[in-house]
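Notes for the one structure printed next.
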Protein chains: 2
Amino acid sequence: MKENTTASSVLPVAPTRGRLRPLGLDEVRITGGFWARRRHVNATATLDHCRDWEERVGWTGNFKAAVEGRIQHDRRGREFADSDVYKLLEAMAWERGHPADPALEDTIAAAQEPDGYLNTAYGRPGQQPRYSDLEWGHELYCYGHLIQAGVAQARARGEAALAKTARRAADHVCAMFGKGGIESVCGHPVIETALVELARLTGEQRYLDQAALFIARRGQGTLADGEFGRAYYQDDIPVRDATVLRGHAVRALYLASGAVDVAVETGDVELLAAVVRQWETTVARRTYLTGGMGSHHRDESFGDDFVLPPDRAYSETCAGVASVMLSWRLLLATGEPRFADLAERTLFNVVAASPSEDGRSFFYANTLHRRRRGTVPPPDTDSPRAESSLRAPWFAVSCCPTNVARTLAVLPAYLATTDGSGIQLHQYADAEITTGGIALRVTTDYPYDGRVTIRIDRAPAHPWTLSLRVPAWAQGTETWLTAPDGSRRAVAPGTAEVTRVFRPGDEVRLELPVLARWLTPDPRIDAIRGTVAVQRGPLVYCAESTDLPGEQEVDAIRVDPSAAPEDGEDGSVAVVGEITAQPDAPWPYHPLDGARATGGDPTRIVLVPYHSWANRGPSTMRVWLPTLD
Amino acid sequence: MKENTTASSVLPVAPTRGRLRPLGLDEVRITGGFWARRRHVNATATLDHCRDWEERVGWTGNFKAAVEGRIQHDRRGREFADSDVYKLLEAMAWERGHPADPALEDTIAAAQEPDGYLNTAYGRPGQQPRYSDLEWGHELYCYGHLIQAGVAQARARGEAALAKTARRAADHVCAMFGKGGIESVCGHPVIETALVELARLTGEQRYLDQAALFIARRGQGTLADGEFGRAYYQDDIPVRDATVLRGHAVRALYLASGAVDVAVETGDVELLAAVVRQWETTVARRTYLTGGMGSHHRDESFGDDFVLPPDRAYSETCAGVASVMLSWRLLLATGEPRFADLAERTLFNVVAASPSEDGRSFFYANTLHRRRRGTVPPPDTDSPRAESSLRAPWFAVSCCPTNVARTLAVLPAYLATTDGSGIQLHQYADAEITTGGIALRVTTDYPYDGRVTIRIDRAPAHPWTLSLRVPAWAQGTETWLTAPDGSRRAVAPGTAEVTRVFRPGDEVRLELPVLARWLTPDPRIDAIRGTVAVQRGPLVYCAESTDLPGEQEVDAIRVDPSAAPEDGEDGSVAVVGEITAQPDAPWPYHPLDGARATGGDPTRIVLVPYHSWANRGPSTMRVWLPTLD
């Protein structure tokens, strides 16, 4: 892997080596379209919403209670509540326009103990002792988010306060969990990525060494073998020996991200290859059409290969965030477009699906099939995490809202990279990119329209290469690339390149085949046998009862896949099918020669983008539609 | 409902009213065949196996520790561990040939506190206070099993010791939870059925009143609204208002059983009708082909209507036991054969599936699809409850083994009933039945052969009616009944009757169409669309990798349902299909016009009874088989 010389420091992930160099938030600006709207809502509504809720449920207050010596009696929230305060501070740091919170940061610093320990749930008289429950205690997990927030603030705002607290915590972790210390790991990974980023920020090798130590220790059976088994926290198999992601999805993906970070910084090609192999198998066998990961509600975990029930999809929002984090790291390390493909799918169909249009309620789990219309969650009560049919304002375990917030805040950084030879565009949005003597402007209505125009505003006098990702979903259709000289050629999924001396005003045009297509699943995914789904560009579509006539429900739909889906209004898609409710029977299994349900009349059925569902009141919804016999 | 005058007292359920009167274990004897073998293994292996494990894991020792004042430090097992000691004592009481355990019973009595309170997990210094956690504490649940064990011992063995302890506990419950006492219920029902049975045993009205009070309180939102919601413990809707069973399956079924008991004893026709309605909807929409109930691992609960994934079937063994308990009560109350139909299905395909052939290991959950070959659980370690592909000797939560044991112990009582007009046969097995001047002998190889011969050995001189259940699974085929005079007629599913003055030596012959048939699911069960299953008589069949050539796995099977299944050797069935492993792909969703897997050659595939699977080493298994395109 070659070394990076980063021009910008405003970066969520800043590897010193790798195939591609990330661009900073000061180099890429999203100026309009799908993600600009999402980011505007995030900046103007979601951050304050999360802040208000963290006050209301007492999670910010925990730090004050710790300083005032009454935390033993007054602590609120679950054992990991501190982490959500940190995640919100991280999101606020990246979202430059938003004021930081110096008073809260001072309180957090004041709650830190002399040796650097910082957690409002442990260690004081009347509380559980420090590090007495590494399996479930989340102490190192909380440090991880503290460190990420501190790094974000140092990089994005040049502020030192939170970074100083974070560094003291990291020093404490190295002292306690370094060689000769506690020979264990945290039940919930995230400290690994955080320590590597702190090493990148500070240049301190020992943070990297500590992260590498945590990666190496994992999978040795250090943690207790609880009800969910050691695979739950990836302590069953060493990272470099595993062949697939397993156990709790968020933990697995955070750990894999940390392993990539360590592999990149230490030049550990074998470790990187191990994570790539795990990613490949996980994508091929354990990932929903939406990019969602995790099919077990019980332990929020991956299921076995091809166990991907749409109606019990857990597909946790945070697993989507973590999957984007992993894919981004793998893209930077390898330059391979398949990682950007998955990131795109996951951003549009998981991360974008979680928040409501107003940015004030969220899905924790992102099911692909909702059978019952739910009720509107009360606006001032937190909700169970995965049971409502509508987004909820907050959860008792509320990791997802702040995770979405920090992801949308750094989204521009995921659009493009550079290397010695030019600029690579990975995600398409109206944007302005300025780096290393090159300035360019992207104009598009993506993802609803596949035409992308890149206009060069400034360029060096020597030749360089503009690389464009051609998504894998374009396979089997026609994609065209027009160079500044007007020449037009077909390009295949992967990477399309234009190399030349660009002049200001030059335009490169990519025409992606954004048209609705039927998809059929691998026969090994038993749960969706006999069904098809519609994807249009990167967007997965769904039927929602709101769009059906009368009081019909989506489970009455059967579609005719011999009729091609057609583009409808406002980004919708129309398909042909029948809507016929099944008759009731006392027993739901019948001899094969028994009577079948009679069909209805062919009708036009409107599908909407999956990410937009449940914004129009209680509804039923399904992505995978049964076919007519 | 008319009044019963029970001739026998050796009865697990002894209603004073109802359409049918149960026969006692002294009136019905199973003499050979399927259930005789199971009962022999239960009596000679399972009871001692459970006893040994309860010693080994310290659950019996808890009572001694309580007596000796060291329970605060020495207690072992989960909060409900006492209940399994009681359940085993109940099984031992019914299984007459097995010695009881007076020493243990004395220790239990000694552990009881002066006011009747008895639980090794609560109430002493250093323990949680009594009744401080009704949601999860299981204190009333433990009393329920204590009372059932006491009643069993009094009825089956005429012994008073454990019944006395049970009665003191029941008096304590009435004092603490009666009118003016703690206005709440237990998170886990079972006290309701137990108190009614104690009222039936003792004639004491207050036990019945207390049970009725618990039923009436349920569904008022008394218990806390936890992570799983109040539906988890059926505290969301009053029993008489609910339309379907929901929440934790065992809890729901125990509660419904208690509601039937109360309804029968109090003549509450409305309450009985409410449970019948819940049973109907549950059977029509929330029950697996095996009779298994519960499709969520997370909270061991019923899923929404038609959410019945075979690969994530929880179908807890105890839910099967509880379903048989409920169906038996509804059969006694109403006389309708549909309740015996479900009991039969559940006994053969859930209760019989749990124990291994040697009776020393058990399934806790009874999946309908196993995708990975597992490993052999260590013989001397308890196991997680639902993750192994092979039966395990014991579980950390080990409710199922003792529940199977007590069910097999009372199984003869489920075979037949009487009423004013004759004898009703509900389940078929080699058996001798002697009651009220009638003696008859049933001879059959059921369930592998459908011919059942009933020979009358003794009969009164006046006419009476022999009623035979014709199972619903016989619908659409031919069933024949031959009367003692040699006349032969076709009979339909439901009840077939012969009324006459029987003479010793008279024979009635039923010919049930036990032949393998393809079944197809209701299209609303998304998880098994495009698949078929084989049922033969009451037995559900499955493909097991053990029977496939080479190292093939069951997920490579596709069957041809246009070819009728054929009877094979040793109770197996042969079907025609292909065995073709799918090729790997980097992404498991393809455009509809993409390449399909090519087919293999038609081949003969052997299926075995579902209850017998996983007795020949690690394997993969599936009940629902995808069809060829």
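Since we're looking at a predicted model, the values are computed, not measured. Naming: A, B, ... by sequence-line order, numbering from 1 per chain.
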Counting heavy-atom pairs under 4.5 Å to chain A, which of [options] comes out on top?
options: B:D311, B:D522, B:D555, B:L289; answer: B:L289
options: B:L308, B:V307, B:D225; answer: B:V307
options: B:A533, B:P626, B:S295, B:G476; answer: B:P626

For [X], is it the side chain, the backbone, both or neither that has a heavy atom under 4.5 Å from a heavy atom of chain B?
X: A:F306; value: both
X: A:D584; value: both
X: A:L519; value: both
X: A:R338; value: neither
X: A:P309; value: neither
X: A:T281; value: neither

Contacting moiety of [X], where chain A heavy atoms sit under 4.5 Å:
X: B:V532; value: side chain
X: B:P561; value: both
X: B:R524; value: both
X: B:R345; value: side chain

- [ ] Answer yes or no: is there an ion pair linking A:D305 with B:R372, defined by an N-O contact shorter than 4.0 Å?
- [x]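 No, this pair does not count.
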Task: Check: A:W473 ring centre within less than 6.0 Å of B:Y589 ring centre - done: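 No, the ring of A:W473 stays outside the 6.0 Å limit from the ring of B:Y589, centre to centre.
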Task: Interatomic distance, B:H297 atom NE2 to A:R312 atom CZ [nearest 0.5 angstrom] - done: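 CZ of A:R312 is found 10.0 Å from NE2 of B:H297.
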- [ ] Measure the CZ-CZ distance between A:R529 and B:R558 for me, rounded to the nearest 0.5 Å.
- [x]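 Here the rounded value is 9.5 Å.
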Open item on the list: Within the structure provided, determine whether B:D526 and A:R371 are in side-chain contact (heavy-atom separation under 4.5 Å).
Closed with: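 Result yes, sub-4.5 Å side-chain heavy-atom pair found.
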- [ ] Give the intermediate values and the outcome of side-chain hydrogen bond (donor to acceptor under 3.5 Å, both in side chains) for residues B:H296 and A:R298.
- [x] CA-CA 8 Å; B:H296 288 189; A:R298 189 178 71 119; over 6 Å; no
Task: Heavy-atom closest contact (B:Y288 atom, A:W587 atom, distance) - done: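 For B:Y288 versus A:W587, the nearest heavy atoms are O-CH2, 3.5 Å.
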Task: For B:A284 against A:A585, the heavy-atom pair lying closest together - done: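 The answer is CB-O, 3.2 Å.
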